[in-house]
Amino acid sequence: MFAVRRLNVETAKRAFSSSAANATKVAVLGAAGGIGQPLSLTLKQNELISHLSLYDIVNGPGVAADLDHIDIDGKVTGYTPDNDGLKHAITDATIIVIPAGVPRKPGMTRDDLFNTNAGIVKDLATAAAQYAPKAHMAIISNPVNSTVPIVSEIFKKYKVYDPKRIFGVTTLDVVRASRFTSQLKGTSTKNEKITVVGGHSGVTIIPLLSQTGSTFTDDELKALTHRIQFGGDEVVKAKAGSGSATLSMSFAAARFVNSLLRALKGESGIIEPAYVRSPLFESKGLEYFASNVELSREGVGKIHDLGPLNQYEKQLLEAALPELKKNIAKGVDFVHK
Ligand code: NAD
Ligand code: LMR
């Protein structure tokens, strides 16, 4: 009897210590917004997350209280800036996802959001550098081409910079590329895995359709490339002033977070596109570039090169590089001004 009881205690202890070792806190900053809410709902359903921590300048606790009624194990907490809310929200986080900031209205470019969002991202990155310097940062807030350099420069300033842990989330570009190509070709999205490289805005989004194995007429190629580059505008226009992509974005971000969590736990062979510190165009003065990245226990693993490009894609790349370089410099300068 005593032996059985002791065994149960030992088993319970082991279960507790292994669940403590697997404890994974994911923080969403901007959790009450258009992306933040559906993203948090999806993350709540992710069994790899033991603690979902939600922060927003308004309604963080409200969204958390709501999600905490879902009968799936795991802790949900919510914060506003009161009582050191941001510090509590991010301390011990494994991943911090940032969709905080304003979205576009029709007629605006992503760069038009810089004046508002750069400051928001800088403040959140400053808190992360102080209270969660080991967290993996997944940046959604636009303009991503500039906000990722902002986060990186802040982490450098606090001497906690590890480029393997800072990602611009570009998953939506490959999600759209897959969907739009399948719509054009009448195929299943499952068979349309498209590589998209560069950055996350207009001409900096470069789909490598020549690598799909499908054939396109010149007109199809131009129209499909344009649709992938400016897919965000379709949603901004359709929402007519009430915001930009939120639901497809939360789908894309949840996929990225899930892939990163699996890789951090040791699964190999997981590849997602991401805008990261990259050697690919360093010789041309670009510190950051989006391409397929093999995720690893450290975050960024192997950065894949672009593979073979046709003449059309080489032209797209030539058009993208100067714009991307300008966007990166704008983010870096913002931190050092
Ligand atoms: P939204 O306005 O609906 O939500 C933004 C949320 O951020 C709001 O709840 C707001 O209260 C909160 N917020 C503002 N300042 C904050 C701060 N300092 N700390 C914490 N929270 C703060 O906007 P949205 O539609 O969710 O879009 C958010 C951002 O994501 C925009 O910049 C948008 O352009 C960008 N976005 C990026 C992608 C991508 O592919 N990377 C896709 C879609 C949208
Ligand atoms: C998108 O691609 O949908 C986002 O970057 C939001 C936008 O402004 O288009």
Side-chain angles (χ1 to χ4, degrees), residues 27-41 53-63 78-82 85-87 89-90 96-128 137-148 150-151 167-177 179-180 196 198-202 204-205 227-239 241-257 272-275 290 327:
V28 180
L29 313 184
I35 296 167
Q37 292 207 38
L39 172 60
S40 301
L41 172 61
S53 174
L54 308 179
Y55 173 82
D56 201 298
I57 50 172
V58 288
N59 203 24
V63 177
Y79 310 86
T80 59
D82 298 340
L86 180 53
K87 177 180 170 183
I90 60 180
I96 297 176
V97 193
I98 308 189
V102 292
R104 285 198 284 164
K105 289 191 189 308
M108 291 172 82
T109 65
R110 291 178 184 80
D111 188 54
D112 293 333
L113 303 172
F114 186 93
N115 286 345
T116 308
N117 290 352
I120 293 173
V121 171
K122 183 181 167 204
D123 290 348
L124 297 173
T126 301
M137 307 292 291
I139 315 303
I140 296 173
S141 314
N142 272 316
V144 167
N145 293 356
S146 306
T147 51
V148 167
I150 289 173
V151 174
F167 302 86
V169 182
T170 58
T171 324
L172 183 54
D173 297 319
V174 299
V175 167
R176 283 186 179 133
R179 178 70 176 164
F180 298 166
V196 183
H200 178 68
S201 73
T204 71
I205 298 171
R227 193 171 180 213
I228 295 166
Q229 291 186 315
F230 294 92
D233 297 50
E234 275 185 27
V235 183
V236 170
K237 198 168 162 212
K239 290 198 174 177
S242 62
S244 57
T246 54
L247 302 172
S248 49
M249 182 59 226
S250 67
F251 170 88
R255 174 174 129 181
F256 178 78
V257 170
E272 289 287 356
Y275 178 69
N327 297 160

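Throughout, residue positions are numbered sequentially from 1 according to the sequence presented. None of these values were measured; they are calculated from a predicted model. As the structure lists them, so they are numbered: ligands from 1, and atoms in each ligand from 1.
Contact between Gly243 and ligand 1 is absent, with no heavy atom of the residue lying under 4.0 Å from the ligand. Assignment of Asp123 to the shell around ligand 1 is not supported, since no heavy atom sits closer than 4.0 Å.
Closest protein heavy atom to atom 3 (O) of ligand 1: Gly34 N, 2.7 Å. Of the protein's non-hydrogen atoms, Arg176 NH2, 2.6 Å is the one closest to atom 3 (O) of ligand 2. When only non-hydrogen protein atoms are considered, atom 8 (O) of ligand 2 lies nearest to Arg104 NE, 2.6 Å. At the top of the distance list for atom 36 (N) of ligand 1, counting protein heavy atoms only, stands Asn142 ND2, 3.4 Å. Taking atom 30 (O) of ligand 1 as the reference point, the nearest protein heavy-atom neighbour is Ile35 CD1, 3.4 Å. Shortest contact from atom 5 (O) of ligand 2 to any protein heavy atom: His200 NE2, 2.6 Å.
Contacts with ligand 2 closer than 4.0 Å are made by side-chain heavy atoms of Leu172 only, the backbone lying farther away. When non-hydrogen atoms are compared, ligand 2 lies under 4.0 Å from neither the backbone nor the side chain of Lys239. Of all the heavy atoms of Asp173, none lies under 4.0 Å from any atom of ligand 2, so neither backbone nor side chain is involved. At a heavy-atom distance under 4.0 Å, no atom of Met249 approaches ligand 2.
Considering both main-chain and side-chain atoms, Gly33 comes within under 3.5 Å of ligand 1 through a nitrogen or oxygen pair. For ligand 1, one of its N or O atoms has an N or O atom of Ile140 under 3.5 Å away. Between His200 and ligand 1, an N or O atom pair is found at a separation short of 3.5 Å. At a 3.5 angstrom cut-off on N or O pairs, Asn117 counts as close to ligand 1. Taking any N or O of Asn142, backbone or side chain, at least one lies under 3.5 Å from an N or O belonging to ligand 2. Not a single N or O atom of Met249, backbone or side chain, sits closer than 3.5 Å to an N or O atom of ligand 1. Looking at Ser244 next to ligand 1, no N or O pair under 3.5 Å apart turns up. Residue Val102 has at least one nitrogen or oxygen atom sitting less than 3.5 Å from a nitrogen or oxygen atom of ligand 1, judged on distance alone.
Of the candidates Pro81, Pro99, Ser242, Pro99 brings a heavy atom nearest to atom 28 (C) of ligand 1. Nearest-residue assignment for atom 6 (C) of ligand 1 (options Ile205, Thr147, Asp56; heavy-atom criterion): Asp56.
In summary, the side chains of Thr204 and Asn145 do present a donor paired with an acceptor at a separation below 3.5 Å, with no hydrogens or angles considered.
Thr147 has its side chain out of reach of Tyr275: every pair of non-hydrogen atoms, C-beta onward, lies at least 4.5 Å apart.
Residues that satisfy the side chain to side chain contact (heavy atoms under 4.5 Å, CB included) test with Thr126, not counting sequence neighbours, are Lys122, Gln130, Ile154, Tyr158.
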